[in-house]
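Encoded as structure tokens, the structure appears first; notes follow it.
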Amino acid sequence: MTRICAKVGNANPDIAGIGILLSFGIQAFLAIAISVVSSILGALILARRNQGRDPEGYATMEKMQVVLNEILLRGSDVQSVTGVALLISAISQVDSLPFYHLHIVYDTISLVAISIAAAVVCSFSPTMPHKALRLALILLWAIMYLTYTILFGVRLRHWDCDIEGLCYNSSNFATPNASHPHVDNIYVSITCFWVFLSLLWSLHMFFDPPRDQAEGKANRAKFHNIILGIAALQFPLHVYSMFTLHSSNNNLLTGGSSEQEWGFGQIMAVMLLATNLVVLVNGYQEYRKWKKSSREERGAELNESFELS
């Protein structure tokens, strides 16, 4: 007979509130979408440059790619800082948090790896500003993520459906006869490996640039697409797990503020997404200035050619 988890613990909107989940989920989705567009632009730029045609066309695409890569870079910064803050909160409470919240936090912070991998692949360069600080932030997140994953796995050993907080309802996520915490440890082990695979491979590509520039660019683009694919595959799994657990266990919470309410913390988390809009607006303004300057330069060259003739 399948044992049912009736009480998953008290509500904690600061960790599992709907605004927190949406913020991380939307930022990860934007990282995937923008990195795909940036990669397509990169392939078109490389093709036109090799063919030696339409220099104005690929110059425009280069400007667009710069704006998109800047959004990825800033998004990764925000996602990493927010992820570290969430990890600090979760690790400091790891002995008292219900298993439901521990699992929600695990899925949420795993999404940070998508933003980091996309930024490293598309936006990182040896000359980027604050390179050491950004790499240190990624290292800090990775160490804390691994630490939290280990602590989560250790706590799962105490699974007990008869004790409040030491279980959660996984009816929409695992089979009815699933053995807990065995299946949970398998899920965590595989997804954690997947996170570090995408993260370490992207960093390896950054620290090991191609020696042959001509051949290296094409091969590098191919490997970049593979890394982005590996990182993106995590998205549907973690988002499904995150929101399925949230909806399946929300009515089993026994106290505390509702995780469905839009309090200050929830709104603030979503407002951090506005960073993407700010970078986009600034990039568009820079693009317009560049376009105007290009037209003026072409006009001056035409006038000079006319005068010479």
Side-chain angles (χ1 to χ4, degrees), residues 23-24 26-42 45-46 49 58-88 109 111-145 198-211 213 216-217 220-221 223-225 227-228 231 268-269 271-294:
S23 175
F24 279 87
I26 292 172
Q27 186 62 61
F29 175 77
L30 288 175
I32 295 171
I34 294 172
S35 62
V36 168
V37 175
S38 178
S39 296
I40 293 172
L41 286 174
I45 292 166
L46 186 61
R49 185 175 289 163
Y58 72 68
T60 300
M61 286 190 283
E62 281 181 332
K63 286 294 178 180
M64 294 171 61
Q65 190 181 38
V66 167
V67 174
L68 293 177
N69 290 348
E70 183 65 21
I71 294 175
L72 285 175
L73 200 58
R74 298 292 181 86
S76 173
D77 293 343
V78 171
Q79 190 88 312
S80 298
V81 170
T82 312
V84 167
L86 184 58
L87 280 167
I88 291 173
I109 57 174
L111 294 173
V112 176
I114 299 174
S115 296
I116 292 175
V120 172
V121 166
C122 298
S123 308
F124 272 37
S125 70
T127 58
M128 70 176 178
H130 314 298
K131 181 177 70 173
L133 182 60
R134 286 189 161 108
L135 290 172
L137 180 60
I138 292 173
L139 178 62
L140 176 62
W141 176 86
I143 292 172
M144 294 188 69
Y145 175 78
S198 60
L199 183 64
L200 293 177
W201 197 0
S202 62
L203 288 171
H204 170 71
M205 293 295 292
F206 170 67
F207 284 111
D208 187 27
R211 292 170 178 81
Q213 292 298 320
K217 285 186 178 180
R220 195 172 181 82
F223 282 114
H224 280 180
N225 292 336
I227 295 170
L228 290 175
M268 192 64 190
M271 286 299 294
L272 290 173
L273 295 170
T275 305
N276 300 296
L277 183 60
V278 172
V279 176
L280 182 62
V281 171
N282 289 339
Y284 178 70
Q285 291 176 341
E286 290 296 323
Y287 171 76
R288 289 191 62 182
K289 290 179 182 178
W290 171 80
K291 201 72 175 175
K292 181 180 179 181
S293 175
S294 297

Donor-acceptor pairs are to be reported for all side-chain atoms of residues 28-42 against protein atoms at under 3.5 Å, with residues two or more places apart or in another chain.
residue, atom, partner, partner atom, Å
Ser35, OG, Ala31, O, 2.8
Ser35, OG, Ile32, O, 2.8
Ser38, OG, Asn69, OD1, 2.7
Ser39, OG, Ser35, O, 2.9

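Leu140 CG to Ser80 OG: the interatomic distance, rounded to the nearest 0.5 Å, is 9.5 Å. Interatomic distance, Ile138 CD1 to Leu133 CG, rounded to the nearest 0.5 Å: 10.5 Å.
Every side chain to side chain donor-acceptor pair (under 3.5 Å) that Ser198 has, sequence neighbours left out, goes to Gln234. Checked against ring-ring contact (aromatic ring centres under 6.0 Å, His included), Phe124 has the following partners two or more places apart in sequence or in another chain: Phe206.
Shown here is Met128, whose CE atom has more than 12 heavy atoms of other residues, nucleotides or ligands within 6.0 Å. Around the CE atom of Met144, the shell of radius 6.0 Å holds more than 12 heavy atoms that belong to other residues, nucleotides or ligands.
Closest non-hydrogen pair, Ser123 versus Leu72, comes out as OG-CB, 3.5 Å. Leu135 approaches Phe207 most closely through the heavy-atom pair CD1-CZ, 3.7 Å. The minimum heavy-atom distance between Ser115 and Gln79, with the atom names listed, is OG-NE2, 3.5 Å. Scanning all heavy atoms of the two residues, the minimum distance from Val112 to Phe24 falls at CG2-CE2, 3.6 Å. The shortest non-hydrogen separation linking Ile109 to Gly83 is CG2-O, 4.2 Å. The shortest heavy-atom contact between Ala113 and Trp141 is CB-CH2, 3.9 Å.
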Point to revise | Residue pair Ile116, Ser202: steps toward the side chain to side chain contact (heavy atoms under 4.5 Å, CB included) verdict | key: CA-CA 9 Å; Ile116 292 175; Ser202 62; 5.6 Å; no
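Using modelled atom types, no side-chain atom of Arg134 and backbone atom of Val120 make a donor-acceptor pair closer than 3.5 Å.
Residues Cys122 and Leu228 are in side-chain contact: their nearest non-hydrogen atoms beyond the backbone lie under 4.5 Å apart.
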